[in-house]
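The figures that follow rest on heavy atoms only: side chains count, while hydrogens, waters and symmetry mates do not.
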Amino acid sequence: MTQDDRKTLEARYNAGQSVAGIARAMQFNYSTIYKELKRGDTGKMDANGRAGYSAALGQQRLYNKKQQLRYWADRPAGETDA
């Protein structure tokens, strides 16, 4: 999912569209939409009474996770954090 896809998801979700409707419109599996909503969860309720979603937050969390995975992949075998 690209950043533009995340912005589209945010707009549709904040407009009150259902997850199934968003998935159909954006041509993603509904599970992908749910995972992205979890990734970009703001921890607050939105105007529709659902968990809030931020495209920017979702993008940042994805970036952070990728950086973490690169760090672990680049470590020499047997190295520990001790």
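In the hydrophobic clustering of this structure, Phe28 groups with Tyr53; members are Ile, Leu, Val, Met, Phe, Trp, Tyr whose side-chain heavy atoms approach within less than 4.5 Å, directly or through other members. Clustering ILVMFWY residues whenever any of their side-chain heavy atoms sit less than 4.5 angstrom apart, transitively, puts Met1 in the very cluster that holds Val19.
Neither side chain, Asp4 nor Thr2, offers a donor N or O lying under 3.5 Å from an acceptor on the other. Of the N and O atoms on the side chains of Gln68 and Asn64, not one donor lies less than 3.5 Å from an acceptor on the other residue. A side-chain N or O of Arg70 and one of Gln67 form a donor-acceptor pair less than 3.5 Å apart.
Considering OG1 of Thr32 and CD1 of Ile22, their distance stands at 12.5 Å, rounded to 0.5 Å. Separation of atoms CG (Asp5) and CE (Met26) is listed at 4.5 Å; rounding is to 0.5 Å. Gln59 contributes atom CD, which lies 12.0 Å from atom CD of Glu10 (distance to the nearest 0.5 angstrom). Atoms CG and CG, from Asp74 and Leu69 in turn, are 11.0 Å apart once rounded to the nearest 0.5 Å.
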Can you give each donor-acceptor pair under 3.5 Å made by side-chain atoms of residues 37-51, sequence neighbours left out, with the distance rounded to 0.1 Å?
unit_1: Arg39; atom_1: NH1; unit_2: Glu36; atom_2: OE1; d: 2.6
unit_1: Asp41; atom_1: OD1; unit_2: Gly43; atom_2: N; d: 2.9
unit_1: Thr42; atom_1: OG1; unit_2: Lys44; atom_2: N; d: 3.3
unit_1: Asp46; atom_1: OD1; unit_2: Asn48; atom_2: N; d: 2.9
unit_1: Asp46; atom_1: OD1; unit_2: Gly49; atom_2: N; d: 3.1
unit_1: Asp46; atom_1: OD1; unit_2: Arg50; atom_2: N; d: 2.8
unit_1: Asn48; atom_1: ND2; unit_2: Asn14; atom_2: O; d: 3.1
unit_1: Arg50; atom_1: NH1; unit_2: Gln17; atom_2: O; d: 3.1
unit_1: Arg50; atom_1: NH2; unit_2: Tyr13; atom_2: O; d: 2.4

